[in-house]
Protein chains: 2
Amino acid sequence: MSSAHLTFDSTSDKIATRVRKMRSSAVRDLFAAATRDDIISLAGGMPDVRLLPEEAVCKAAEAACGAARSEALQYGGTNGREATRRVFCGLMRDIGVRCRPDEVLITTGAQEALDLIAKTFIDPGDIIITEGPTYLGALQAFSAYEPDIHCIPFDEEGMRMDLLEEELERLGVGAVKFLYTIPNFQNPGGVTMSSARRTRLIELADRYDVMVVEDDPYGRLRYNGGHMIPLKVLSSDVIYLGTISKVFAPGLRTGWIAAPKDVLARINLVKQGTDLCGSSFDQVVVEHYFTDTPWERTLQTFVRTYAERRDAMLAALDEFFPPEASWTHPDGGFFVWVTLPEYVDVTSMLATALEAGVIYTPGNGFFPDGVRGRNSMRIAFCYENPEAIREAIRRLAVVIEERLQLYRAFLEAGAL
Amino acid sequence: MSSAHLTFDSTSDKIATRVRKMRSSAVRDLFAAATRDDIISLAGGMPDVRLLPEEAVCKAAEAACGAARSEALQYGGTNGREATRRVFCGLMRDIGVRCRPDEVLITTGAQEALDLIAKTFIDPGDIIITEGPTYLGALQAFSAYEPDIHCIPFDEEGMRMDLLEEELERLGVGAVKFLYTIPNFQNPGGVTMSSARRTRLIELADRYDVMVVEDDPYGRLRYNGGHMIPLKVLSSDVIYLGTISKVFAPGLRTGWIAAPKDVLARINLVKQGTDLCGSSFDQVVVEHYFTDTPWERTLQTFVRTYAERRDAMLAALDEFFPPEASWTHPDGGFFVWVTLPEYVDVTSMLATALEAGVIYTPGNGFFPDGVRGRNSMRIAFCYENPEAIREAIRRLAVVIEERLQLYRAFLEAGAL
């Protein structure tokens, strides 16, 4: 959409205040320009849908154009198809969450869930808490409703509960609308919240009267370590967000919200005006994928493949990255979070990296102010094969090394 | 969602101001309760997807699970697939609108288009203009952003331009954010804006600096009379909303916005946070439906079938309805708008109608205040066969006649 900068913008005086603050991400524009074949991308968060067997997809699609056709082609209820919601209850049951279909509402991907929750709960100026850094799309969804977003840092055990408690105490009981967290293999951090911190989070939320929104897109993609109990199991008040994007296919835009019925009733009202209902067609396809195909075997293929890629990335980081860099060691999911010395600006480094044939996502996009995280980057291991990942990390290390040498020279000269 | 009234509503103090004003429609709740098999519904606006040939649907779905699989299952761009946008440019070209694919953005049904436009342009208190009555879903979409909605009545030639001019003159240049209109076979009115009024509308919009949003879900469903030039042809500044819901299938939730590029760039930014992108899978299916199947022949079947149903409804209204009732005579689309004497409250009449085995949509839902239109109703001829429509109108006439007799008796007794 870079052409917008060139076109005479005749309607700029009509834009709503909430939109004036939104910026097209410079990174997005850069990526759009990056069409060279030899560029290896560590930037996106795309699951590798090439791993899905054609047979399974066709089998799932068959129902939508066959027996279930008249329903698949028609408007559906705002909450989504009951049969599909039942499938999602089954997926949640596997991880210990007990929900009934009337406690589930289907959304157009988990992204819509974030928008609906924000639209339902956020008044301008309301305080919400997220991890910092956190999912870029959550920041975009929330920001449209003009909240004041407070970030709590994480370490290798997830969100820092000591800092959360300090912040909640400072703000006071009832001062925070909700807390948004990605406890498993966080995006962009790759870190997982420990059991002890999960329990603590629920205690704090209860004490300070904070709703908890648990976003769990990657939970089923664990490569080592044992299953962690979802926050939703610790408290049924938690608003849990699920999606099939990473265990099946994001192209079908099917996610869900599991929440207490009174919360869902509000969100349903909001969804009516937002898009009326989700795609019945996609819901039928999803429903049959999880009932008529060996999806658990396919999931194992996903897990095995991503685990190899993660291993390749961590090994390459060890091999090539300079001692000044540090990074997280994810047990699952798609992402590693790399921190460089404070004087490195990874956004300005991106053009050089692009020339060197590798791209990543600069860290500042994962903070609401767009300023913090300028010396960090998110690198994804989900889409490229192990060899390409190793080569990408090697290229990236060269670019970083150049920067570091420059700064080391400045440092030695006493100029910084 | 009626259970919400029974559950202890623990989060009601957390709800955003914009949602506090939203109400679950009493009518919707009533319809949910209406599960008796012998009830004939004139309430919904569901296209009759049973008319779609299985072969065509399967043919269209084949591409999504076959050759185009890896794209159909993956995230897509926020604007939507270029190939699909090109198909929509072709559909618009058929009705005289010339657009390039980069002037089109694909939405999750036209309902999402309404939300995105509202989210992009409406600040609380902004004035927007619609026909009164107008599409219920547009009122829901707009209301979430708290505008001040002014309604302009229509007659058999569409929105009254004399009243529009009066209103714009009263409010002044630049005072109105946008004007929303359904010029063809309006929902719920069934009326079509005449050519002279279309030209006049564009003149007035230009003079008073008002953006125009043209919603055209029914344009291809014309049963008599000649094609009317879209507003978008008269001014390229118009924001045109299209959808495949009525010419193919609403279950695929695929609509589009055709607008100047600077407007689309803003809407794209807003859509990123709302749902990231539409269903690639559905877009592939839609794309192939309009390129690989004899869709124009199927459209002719739709037109022929709906025309018969409209004729059946108009004939039954002539045969059964009392002289105190008046109604519109649509040249296309799905709906007839019936006006009863002012003393008849069609909402309170609905329970009696339900008992008599017929339901309709009370008119007050189509006004932003929920008060006007209480003596009107929208009746749809799109879904039931001619015999059922005739029977429904007969039943409805009996219910109305009872009300009228009651009121006539009161009138005679001088009690009103």
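Every chain is numbered from 1 and lettered A, B, ... according to where its sequence line falls, protein lines coming before strand lines. Owing to the predicted nature of the structure, the values given are computational and were not obtained by experimental measurement.
Atom CD1 of residue A/I122 and atom CZ of residue B/R18 lie 8.0 Å apart, to the nearest 0.5 angstrom. Distance check, rounded to the nearest 0.5 Å: CD1 of B/I15 to NZ of A/K177 gives 8.0 Å. In this structure, CZ in B/R266 is found 6.0 Å from OG in A/S12, a value given to the nearest 0.5 Å. Atom CG in B/L51 sits 11.5 Å away from atom OG in A/S70 (nearest 0.5 Å). B/L73 contributes atom CG, which lies 10.5 Å from atom CD of A/E54 (distance to the nearest 0.5 angstrom). Separating the OG1 atom in A/T120 from the CE atom in B/M22 is a distance of 7.5 Å, to the nearest 0.5 Å.
Heavy atoms of A/L116 lying under 4.5 Å from chain B are absent altogether. At a 4.5 Å heavy-atom cutoff, A/A56 makes no contact with chain B through either its backbone or its side chain. With a 4.5 Å cut-off on non-hydrogen atoms, A/K119 touches chain B through its backbone and its side chain both. Only the side chain of A/V285 comes within contact range of chain B, with heavy atoms under 4.5 Å apart. Residue B/A113 does not touch chain A at all, counting heavy-atom pairs closer than 4.5 Å. Contact of B/L52 with chain A is made through backbone and side chain together, with heavy-atom distances under 4.5 Å. Looking at A/V57, the atoms closer than 4.5 Å to chain B (heavy atoms on both sides) sit in the backbone and in the side chain alike. B/S143 does not touch chain A: none of its heavy atoms, backbone or side chain, sits under 4.5 Å away. Contacts between A/D126 and chain B at a heavy-atom distance below 4.5 Å are absent for every atom of the residue. Heavy atoms closer than 4.5 Å to chain B are found in the backbone of A/A72, but not in its side chain.
Ranked by heavy-atom pairs under 4.5 Å with chain B, the first of A/V19, A/V284, A/D282 is A/D282. Highest contact tally toward chain A, considering only B/L136, B/T254, B/D209, is held by B/D209 [criterion: heavy-atom pairs under 4.5 Å]. With chain B as partner, the option from A/A110, A/G255, A/G174, A/G278 having the largest number of non-hydrogen pairs under 4.5 angstrom is A/G278. In terms of heavy-atom pairs under 4.5 Å with chain B, the best-connected choice from A/E112, A/R69, A/R50 is A/R69. Listed options A/G137, A/G45, A/P47, A/A61 were ranked by heavy-atom pairs under 4.5 angstrom with chain B; first place goes to A/P47.
Ring geometry for B/Y145 versus A/Y145: interplanar angle under 30°, hence parallel rather than tilted (30 to 60°).
Remark: the B/D275 side chain and the A/T108 side chain contain no N/O donor-acceptor pair separated by less than 3.5 Å. Using a 3.5 Å distance cut-off with no hydrogens or angles, the side chains of B/D123 and A/T17 do pair a donor with an acceptor.
Looking at B/Q111 and A/T274, their side chains never come closer than 4.5 Å, going by heavy atoms from C-beta outward. With contacts defined as side-chain heavy-atom distances shorter than 4.5 Å, the pair A/Y75/B/S245 qualifies. Within the 4.5 Å cutoff, the side chain of A/L276 has heavy atoms near those of the B/R253 side chain. Inter-residue side-chain proximity for A/E62 and B/C65 is flagged as unmet; no heavy-atom pair is nearer than 4.5 Å.
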